[in-house]
Amino acid sequence: MSAKSLALAALMLAAPMLAGCAPQTSAPAAAPAAPTGKGLAAACADRDGWSDPAPPAKLFGNTYYVGTCGITALLIDAPAGPILIDAATAEAAPAILANIRALGFDPKRIRAILTSHEHFDHVGGLAALHAATGAPVIALADAAPQLESGTPDPRDPQRGAVDSFTGVPVAQRLRDGQPLAFADIRITAYATPGHTPGSTSWTWQSCEGSACRTIAYVDSLTAISADGYRFSDHPDYVAMLRATFAKVPTLPCDILVTPHPGASNLFARLAGEAPLAAADGCAAYAAAAGKRLDDRLAKEAATR
């Protein structure tokens with residue numbers, strides 16, 4: 001055998017060992033070729049139901065949209081295994097699992113499930129996804145009791161108007177500003193109470209080559225309620241909402257994503273019809289929520 005042939009043979013033998021030393025990702029190499037945002041926007045053009053199936057799409061870098069036409073669910077790829085944020089409705093759980101598989105990920109490799117707020121349209125599918133993946137649920141301490149019981153917090157303005165859901169055990173309870181203890185990715189939880197007392201926002205960095213952006217998954221900020229509830233009768237709750245409106249603009253926020261995609265014009269932005277990243281995204285989102293609260297309080301004052 002020639003020296004060249006011997007060298008080639010040595011490389012072939014060494015290849016498996018070299019591959020074994022390389023960092024392992026939680027998805028095959030084909031995963032980044034996910035359906036585009038244009039495909040997602042087109043599929044949901046005339047549909048925005050909370051359980052309406054939608055195709056998956058790459059959001060940016062290692063972050064993918066796997067939710068429905070009306071409710072966001074995100075999958076973050078990381079070397080030690082993906083992380084899922086939010087679960088949509090119970091009816092949507094099979095579609096979310098199908099989207100995860102369509103991207104080339106194995107749901108059994110998901111290592112954690114995070115949540116935004118404890119309402120059935122965002123965590124109704126939590127029990128099914130927890131059972132299908134075996135992944136632990138991680139949440140802020142203020143959200144954990146409701147996630148486990150499946151019922152809204154007694155302070156929740158929408159209590160009595162939203163359905164209950166199947167509760168799940170919360171494996172880890174976080175404090176405000178606490179990053180998850182994952183060595184390979186930094187995801188930080190922020191308390192942004194108001195829409196519910198346990199409302200939680202999350203930030204992490206995602207990169208495409210040398211271009212890195214901080215994604216802010218900011219929870220719903222809308223001050224809505226069950227019939228008969230008056231925010232003006234609950235000044236402490238209003239103060240909590242206003243503190244959240246002041247906090248959100250301070251979060252690291254290159255790319256804003258919200259639990260209801262329409263609240264941040266997400267599909268149009270993914271389709272390239274508006275900038276995906278915007279320096280004032282979080283500030284504008286909070287300002288709009290503040291105006292809606294002011295309008296609601298004015299309406300209550302006018303009908304007293």
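With contacts defined as side-chain heavy-atom distances shorter than 4.5 Å, the pair Ile113/Leu126 qualifies. Between Ile185 and Asn62, some side-chain heavy-atom pair lies under the 4.5 Å cut-off. Residues Leu74 and Val257 meet the side-chain proximity criterion, which asks for heavy atoms closer than 4.5 Å. Counting heavy atoms from C-beta on, the side chains of Pro157 and His234 never come closer than 4.5 Å. Side chains of Leu266 and Leu40 form no contact here, defined as non-hydrogen atoms less than 4.5 Å apart. For the pair Asp86 and Leu114, the minimum side-chain heavy-atom distance is 4.5 Å or more. Proximity of His260 to His122: side-chain heavy atoms (C-beta onward) are separated by under 4.5 Å at one or more points. In this structure, the side chains of Ile100 and Leu75 come closer than 4.5 Å at one or more pairs of heavy atoms.
A tilted orientation is assigned to the rings of Phe231 and Tyr237, their planes being inclined by 30° to 60°.
Residues Ile85 and Val218 are members of separate hydrophobic clusters, defined by side-chain heavy-atom contacts under 4.5 angstrom among Ile, Leu, Val, Met, Phe, Trp and Tyr. Note on Leu84: it clusters hydrophobically with Val170, by side-chain heavy-atom contacts below 4.5 Å among ILVMFWY residues. Follow the hydrophobic side-chain contacts under 4.5 Å out from Val123 and you reach Leu97 in the same cluster. Both Leu147 and Ile71 are part of a single hydrophobic cluster, where members link through side-chain heavy atoms under 4.5 Å apart. Connection of Leu256 to Phe267 is not established within any shared hydrophobic cluster, with ILVMFWY side chains joined at heavy-atom distances below 4.5 Å, either directly or through further cluster members.
Inspection of the Thr63 and Trp204 side chains reveals an N or O donor paired with an N or O acceptor under 3.5 Å. There is no side-chain donor-acceptor pair under 3.5 Å between Gln205 and Thr214.
Here the shortest heavy-atom pairing between Pro55 and Ala43 reads CD-CB, 3.5 Å. The two atoms that bring Thr203 and Pro252 nearest to each other are CG2-O, 3.6 Å, heavy atoms only. Across Gly67 and Ala54, no two heavy atoms sit closer than the pair O-CB, 3.7 Å. In terms of heavy-atom proximity, Thr188 sits nearest to Gly177 at CG2-O, 3.5 Å. Between Ala271 and Ala41 the shortest heavy-atom distance is CB-CB, 3.9 Å.
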Problem - Candidate pair Asp156 and Arg159, rule salt bridge (Lys or Arg N to Asp or Glu O under 4.0 Å), full reasoning - result: CA-CA 5 Å; Asp156 190 336; Arg159 185 178 175 91; over 6 Å; no
Problem - side-chain hydrogen bond (donor to acceptor under 3.5 Å, both in side chains) between Ser51 and Thr89, worked out - result: CA-CA 6 Å; Ser51 302; Thr89 63; 2.6 Å; yes
Exercise for the section: Decide yes or no on ring pair (Phe, Tyr, Trp, His ring centres under 6.0 Å) for His119 and Phe165, but give the supporting numbers first. Expected result: CA-CA 8 Å; His119 282 167; Phe165 54 90; 8.6 Å; no
Exercise for the section: Let me see the working for Asp176 and Lys247 under salt bridge (Lys or Arg N to Asp or Glu O under 4.0 Å), right down to the final yes or no. Expected result: CA-CA 12 Å; Asp176 179 29; Lys247 181 178 185 176; 2.8 Å; yes
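The salt bridge (charged side-chain N to carboxylate O under 4.0 Å, His left out) check on Arg173 picks up Glu148, with sequence neighbours excluded. The side-chain hydrogen bond (donor to acceptor under 3.5 Å, both in side chains) test applied to Ser149 returns Thr151, not counting sequence neighbours. Residues satisfying the side-chain hydrogen bond (donor to acceptor under 3.5 Å, both in side chains) test with Asn99, not counting sequence neighbours, are none. Residues passing the salt bridge (charged side-chain N to carboxylate O under 4.0 Å, His left out) test with Glu208, sequence neighbours excluded: Lys58. Take Asp153 and apply the salt bridge (charged side-chain N to carboxylate O under 4.0 Å, His left out) test, not counting sequence neighbours, and it matches Arg155. Among residues two or more places apart in sequence or in another chain, the side-chain hydrogen bond (donor to acceptor under 3.5 Å, both in side chains) test is passed with Arg242 by Asp294. Judged as a salt bridge (charged side-chain N to carboxylate O under 4.0 Å, His left out), and not counting sequence neighbours, Asp163 has no contacts.
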Under 3.5 Å, which donor-acceptor pairs do the side chains of residues 189-199 form with other protein atoms, sequence neighbours left out?
| residue | atom | partner | partner atom | Å |
| --- | --- | --- | --- | --- |
| Thr192 | OG1 | Ser201 | OG | 2.9 |
| His195 | ND1 | Thr222 | O | 2.9 |
| His195 | NE2 | Gln158 | NE2 | 3.4 |
| Thr196 | OG1 | Glu118 | OE1 | 3.1 |
| Thr196 | OG1 | Glu118 | OE2 | 3.3 |
| Thr196 | OG1 | Gly198 | N | 3.4 |
| Thr196 | OG1 | Ser199 | N | 3.1 |
| Thr196 | OG1 | Ser199 | OG | 3.1 |
| Ser199 | OG | Thr196 | N | 3.1 |
| Ser199 | OG | Thr196 | O | 3.3 |
| Ser199 | OG | Asp219 | OD2 | 2.7 |

Show me the donor-acceptor pairs, under 3.5 Å and distance only, between side chains in residues 132-145 and residues at least two apart or in other chains.
| residue | atom | partner | partner atom | Å |
| --- | --- | --- | --- | --- |
| Thr133 | OG1 | Leu129 | O | 2.7 |
| Thr133 | OG1 | Ala135 | N | 3.1 |

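With values rounded to the nearest 0.5 angstrom, Leu59 atom CG is found 6.0 Å from Leu276 atom CG.
Within the structure, salt bridge (charged side-chain N to carboxylate O under 4.0 Å, His left out) contacts touching residues 183-207 (residues at least two apart or in different chains) are Arg111-Asp184. Sorted by first and then second residue, the side-chain hydrogen bond (donor to acceptor under 3.5 Å, both in side chains) pairs involving residues 266-282 (not counting sequence neighbours) form an empty list. The list of salt bridge (charged side-chain N to carboxylate O under 4.0 Å, His left out) pairs with a residue in residues 40-52, not counting sequence neighbours, is empty.
Ser206 places a side-chain N or O within 3.5 Å of a backbone atom of Phe60 that can act as its donor or acceptor partner. Checked by atom type and distance alone, the side chain of Trp202 pairs as donor or acceptor with a backbone atom of Thr115 at under 3.5 Å.
Contact check on Lys299 versus Asp295 returns no salt bridge, with no Lys/Arg side-chain nitrogen under 4.0 Å from an Asp/Glu carboxylate oxygen.
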